[in-house]
Amino acid sequence: MSSTAIESTADTLSRLGINADFASSAPNLHKNLQLLSSGQIELAKMLLEMGQSHLFEHWADPGVDDEEKKGFFDQVDRLNSSYPGGLASYVKSARQLLADSQAGKNPFDGFTPSVPKGEVLTFGDEDFINFEEAGIREAQKAAFVLVAGGLGERLGYNGIKVALPAETASGTCFLQYYIESILALQEASCRLVQGGCQTRIPFVIMTSDDTHARTVELLESNSYFGMEPAQVKLLKQEKVACLDDNDARLAVEPRNKYRIQTKPHGHGDVHALLFSSGLLKIWHDAGLRWVLFFQDTNGLLFKAIPASLGVSSTRQYHVNSLAVPRRAKEAIGGITKLTHADGRTMVINVEYNQLDPLLRATGQVDGDVNDETGFSPFPGNINQLILELGPYIEELTKTGGAIKEFVNPKYKDASKTSFKSSTRLECMMQDYPKTLPPSARVGFTVMDAWLAYAPVKNSPEDASKVPKGNPYHSATSGEMAIYRANSLILRKAGVQVANPVQQVFNGQEVEVWPRITWKPKWGPTFAEIKRKVCGNCIISQSSTMVIKGRNVFLEDLSLDGALLINAVEDAEIKVRGSVQNKGWILENIDYKDASVPEQLRIRGFRINKVEQFEKNYSEPGKFSLEP
């Protein structure tokens with residue numbers, strides 16, 4: 001080391017008020033100090049104070065791998081700045097949580113569970129219609145947040161999950177469906193304002209290193225699916241450091257001794273990202289009142305949004321969790337009120353494998369059982385949240401967006417002294433209410449699963465092993481659920497929709513309803529759909545109907561085959577009479593057949609478009625379609 005380098009390092013240490021022998025516990029770091037900027041020296045001191053000197057054990061002498069060493073501190077800087085409270089806070093939390101895990105401490109000790117207050121809705125009744133209307137009024141004061149950090153590998157699909165078609169009759173991908181649904185709410189909400197309004201509902205997508213570039217590409221190559229680019233903001237979540245042992249020693253990346261191993265922290269990061277981005281304040285100043293959070297592959301979700309938002313507004317909930325009826329012990333978390341012996345209360349999601357033992361441990365000898373409705377009184381959490389913006393900002397100002405974390409180490413043996421592989425802290429979006437004061441109004445809105453919940457998260461192999469009667473949650477069942485929901489909604493509106501038939505695709509027995517799909521703007525609410533259907537309409541089981549247009553009215557339509565209508569905004573079409581053709585046929589395909597595109601393979605079928613009646617309206621005006 002040259003005398004000038006030694007002097008400049010000594011000067012830097014002196015200026016920072018750091019003792020020259022601070023790195024004596026890490027001789028390899030000490031040798032390399034002259035390479036480091038003052039900011040990097042401070043990060044090094046922090047790591048040593050946290051007991052992380054092992055990170056420098058394999059460092060080479062100055063002059064070897066110098067760029068890699070600087071890269072190490074770039075990574076440490078990122079990990080430190082992206083976590084609320086920094087790395088020191090992360091390690092401190094990790095030590096506490098790992099000690100609790102090793103001791104077998106139950107996070108619910110001292111809490112007694114009970115059924116919280118909430119709203120149970122029945123699709124299509126007067127209450128439901130009123131809540132939907134209230135929700136549409138509120139929609140212009142809402143912002144939407146999609147957590148989309150995941151790839152489709154678990155599904156047997158190599159792209160980002162939001163690029164998957166939600167259904168293949170129209171070919172609409174999840175991201176397009178979400179954006180068009182938000183735009184339909186924006187339009188419907190503005191129509192209720194006298195003189196109209198210029199509201200643009202903000203849409204945030206939380207991405208990750210895995211999904212960010214591909215999400216940008218999907219948006220840009222499709223002109224943001226009709227949304228103004230300025231409405232859409234992408235926030236990328238960073239990963240967190242992995243932990244090697246119960247002392248929370250940070251794990252070194254196996255393939256690079258100058259990097260810390262990292263893994264995803266979980267979708268709970270969305271709260272800290274929103275807070276640090278400054279978006280919440282911008283929204284608040286613009287008069288917004290609600291933030292709606294949702295996940296990446298539920299093709300039914302927006303059918304439940306207007307009524308749920310109406311419940312939030314009418315009941316003045318600070319937090320409203322969307323939920324579906326769940327059977328006792330079903331593998332879906334239950335929304336539960338927890339009351340501590342010291343008087344603390346919270347309403348949160350309790351995982352199904354924790355709920356039953358918790359009930360038994362607190363004197364409810366039968367545990368989680370169905371009541372007279374045939375369902376558990378604890379509704380099933382589907383991880384869609386509506387938060388009131390004002391109280392949300394107040395809470396995040398206190399916490400910085402930090403969410404109560406958990407750790408799930410895989411121990412080598414019963415002594416719980418070492419791990420099979422590195423672990424990390426994780427957090428979940430729905431655990432936000434854990435830090436709320438007792439005065440917070442936390443409730444839920446339950447809707448039938450057929451209307452609100454059909455996530456796509458299992459591969460064909462995993463889905464085919466699901467016990468009979470349990471939901472498959474696959475691309476096959478997700479697509480069929482959309483057709484079922486649309487068929488049932490039209491039935492409720494007075495259309496005679498034929499009963500489904502049972503078919504097996506990719507080893508999964510599913511109900512196949514008519515393949516009915518429409519653009520969100522055609523029917524953002526049930527009242528709107530009822531208004532567009534009149535007379536005696538009949539749709540056969542083998543039929544397909546794809547409506548792409550807002551002002552399409554069905555009057556005394558008899559459909560047995562495939563009908564496609566594409567219409568521009570100001571074209572009004574009345575569809576009457578009988579449409580009969582050979583239609584579109586579902587053909588089985590094998591998910592192992594590599595000659596078929598992945599997005600079809602994972603469904604187990606493709607649509608053979610044998611014959612259809614298709615009509616395009618590219619000009620405004622009033623039209624009558626009577627084939």
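- Interatomic distance, CH2 of Trp283 versus CG of Leu389, reported as 8.0 Å (0.5 Å rounding).
- Of the possible polar contacts, none joining the Gln496 side chain to the Asn536 backbone as a donor-acceptor pair under 3.5 Å is found.
- For the pair Gln430 and Leu385, the tightest heavy-atom approach, listed with the atom from each and the gap, is CA-CD1, 3.9 Å.
- A ring-centre distance under 6.0 Å is found for Phe144 and Phe302.
- A distance of 11.5 Å separates OG in Ser487 from CD1 in Ile482, rounded to the nearest 0.5 Å.
- Among pairs with a residue in residues 471-495, those fulfilling salt bridge (charged side-chain N to carboxylate O under 4.0 Å, His left out) read Glu479-Arg603, at least two apart in sequence or across chains.
- Heavy-atom contacts from other residues, nucleotides or ligands closer than 6.0 Å to NZ of Lys236 number more than 12.
- Side chains of Gln176 and Asn222: no donor on one and acceptor on the other come within 3.5 Å.
- Using a 4.0 Å cut-off between a side-chain N of Lys or Arg and a carboxylate O of Asp or Glu, Glu187 and Lys521 do not qualify as a salt bridge.
- A donor-acceptor contact under 3.5 angstrom links the side chains of Ser624 and Arg576, judged on distance only.
- The two residues Val324 and Ile382 make their nearest non-hydrogen contact at CG2-CG2, 3.8 Å.
- Considering CZ of Arg601 and CZ of Arg606, their distance stands at 11.5 Å, rounded to 0.5 Å.
- Under the 3.5 Å distance criterion, with hydrogens and angles disregarded, a donor-acceptor pair is assigned to the side chains of Gln508 and Ser474.
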**OP:** Take Ile538 and Leu559 through the side chain to side chain contact (heavy atoms under 4.5 Å, CB included) test and state the conclusion after the steps.
**Re:** CA-CA 6 Å; Ile538 302 169; Leu559 174 61; over 6 Å; no

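- The ring of Tyr432 has its center no closer than 6.0 angstrom to the ring center of His318.
- Although no hydrogens or angles enter the test, the distance criterion places a donor-acceptor pair under 3.5 Å between the side chain of Asn298 and the main chain of Ala454.
- Residue pairs satisfying the ring pair (Phe, Tyr, Trp, His ring centres under 6.0 Å) criterion with at least one member in residues 469-493, sequence neighbours excluded, are listed as follows: Tyr453-His473.
- Checking side-chain atoms of Arg289 against main-chain N and O of His284 turns up no donor-acceptor pair under 3.5 Å.
- Here the side chain of Ser459 pairs no donor or acceptor atom with the backbone of Leu155 at under 3.5 angstrom.
- When all heavy atoms of Asn320 and Ser308 are compared, the pair lying nearest together is ND2-O, 3.1 Å.
- For the pair Arg326 and Gly334, the tightest heavy-atom approach, listed with the atom from each and the gap, is CD-CA, 4.0 Å.
- Put simply, the residue from Thr168, Thr544, Ile607 that forms a side chain to side chain contact (heavy atoms under 4.5 Å, CB included) with Leu586 is Ile607.
- Contact annotation: the side chain of Gln580 never approaches that of Phe613 to less than 4.5 Å [non-hydrogen atoms, C-beta and beyond].
- Remark: Arg200 pairs with Glu228 by the salt bridge (charged side-chain N to carboxylate O under 4.0 Å, His left out) rule, at least two apart or across chains.
- Of the possible donor and acceptor atoms, one in the side chain of Asn588 sits under 3.5 Å from a partner among the backbone N and O of Val504.
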**OP:** Tell me, with the steps shown, if Leu218 and Phe225 meet side chain to side chain contact (heavy atoms under 4.5 Å, CB included).
**Re:** CA-CA 9 Å; Leu218 182 63; Phe225 298 108; 4.2 Å; yes

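- Side-chain contact between Val575 and Phe553 is absent, with no heavy atoms from C-beta onward closer than 4.5 Å.
- Checking Asn581 against Glu611 by side-chain atom types alone, no donor-acceptor pair falls below 3.5 Å.
- Using a 4.5 Å heavy-atom threshold, the side chains of Asn383 and His267 count as touching.
- Formation of a donor-acceptor pair under 3.5 Å by the Arg515 side chain with backbone atoms of Trp513 is found in this model.
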Subject >> Ile565 vs Leu625, side chain to side chain contact (heavy atoms under 4.5 Å, CB included): CA-CA, chis, key distance, verdict >> reply: CA-CA 10 Å; Ile565 298 169; Leu625 173 58; 4.2 Å; yes

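- Side-chain contact between Phe526 and Ile129 is present, with at least one heavy-atom pair separated by less than 4.5 Å.
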**OP:** Determine, step by step, whether Lys303 and Asn486 satisfy the side-chain hydrogen bond (donor to acceptor under 3.5 Å, both in side chains) criterion, reporting the C-alpha distance in whole Å, the side-chain angles of both residues, the deciding distance to 0.1 Å, and the verdict.
**Re:** CA-CA 10 Å; Lys303 297 183 189 305; Asn486 290 341; 2.7 Å; yes

**OP:** Test salt bridge (charged side-chain N to carboxylate O under 4.0 Å, His left out) on Arg214 and Glu217 and set out the steps.
**Re:** CA-CA 5 Å; Arg214 284 188 265 187; Glu217 187 191 349; over 6 Å; no

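- No more than 12 heavy atoms of other residues, nucleotides or ligands sit less than 6.0 Å from atom CD of Glu126.
- In terms of modelled atom types and a separation under 3.5 Å, the side chain of Ser181 and the main chain of Tyr177 share a donor-acceptor contact.
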**OP:** Give the intermediate values and the outcome of side chain to side chain contact (heavy atoms under 4.5 Å, CB included) for residues Lys532 and Arg550.
**Re:** CA-CA 10 Å; Lys532 288 175 176 166; Arg550 187 194 311 132; 3.8 Å; yes

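- Side-chain contact check for Asn381 and Ser321: no donor-acceptor pair (N or O, by modelled atom type) lies under 3.5 Å.
- Between Ala169 and Trp584 the shortest heavy-atom distance is O-CZ3, 3.5 Å.
- Distance alone, capped at 3.5 Å, is enough to place a donor-acceptor pair between the Asp371 side chain and the Thr373 backbone.
- By the 4.0 Å N-to-carboxylate-O rule, Lys141 lies close enough to Glu138 to be salt-bridged with it.
- The distance from the CG atom of Asp448 to the OG1 atom of Thr122 is 7.0 Å, given to the nearest 0.5 Å.
- Here the side chain of Ser543 pairs a donor or acceptor atom with the backbone of Gly561 at under 3.5 angstrom.
- Of the N and O atoms on the side chains of Ser170 and Glu167, at least one donor lies less than 3.5 Å from an acceptor on the other residue.
- For Glu388 and Trp290, the side-chain atoms include no donor-acceptor pair closer than 3.5 Å.
- Figure legend: cation-pi geometry between Arg327 and Phe375, with NZ or CZ positioned under 6.0 Å from the six-membered ring centre and within 45° of its axis.
- At least one side-chain heavy atom of Ile179 sits less than 4.5 Å from a side-chain heavy atom of Leu175.
- Ring pair Phe128/Phe123: centre-to-centre distance below 6.0 Å.
- The local environment of CD in Gln502 is crowded, with over 12 non-hydrogen atoms from other residues, nucleotides or ligands closer than 6.0 Å.
- Between the side chains of Glu614 and Asn566, a donor-acceptor pair is found at a separation under 3.5 Å.
- Of all the heavy atoms in Trp522 and Val552, the pair that sits closest is NE1-O, 2.7 Å.
- Interatomic distance, CD of Gln186 versus CD1 of Ile201, reported as 5.0 Å (0.5 Å rounding).
- Between the side chain of Ser376 and the main chain of Ala328, no donor-acceptor pair closer than 3.5 Å is present.
- Between atom CD1 of residue Ile585 and atom OG of residue Ser542 there is a gap of 8.5 Å, rounded to the nearest 0.5 Å.
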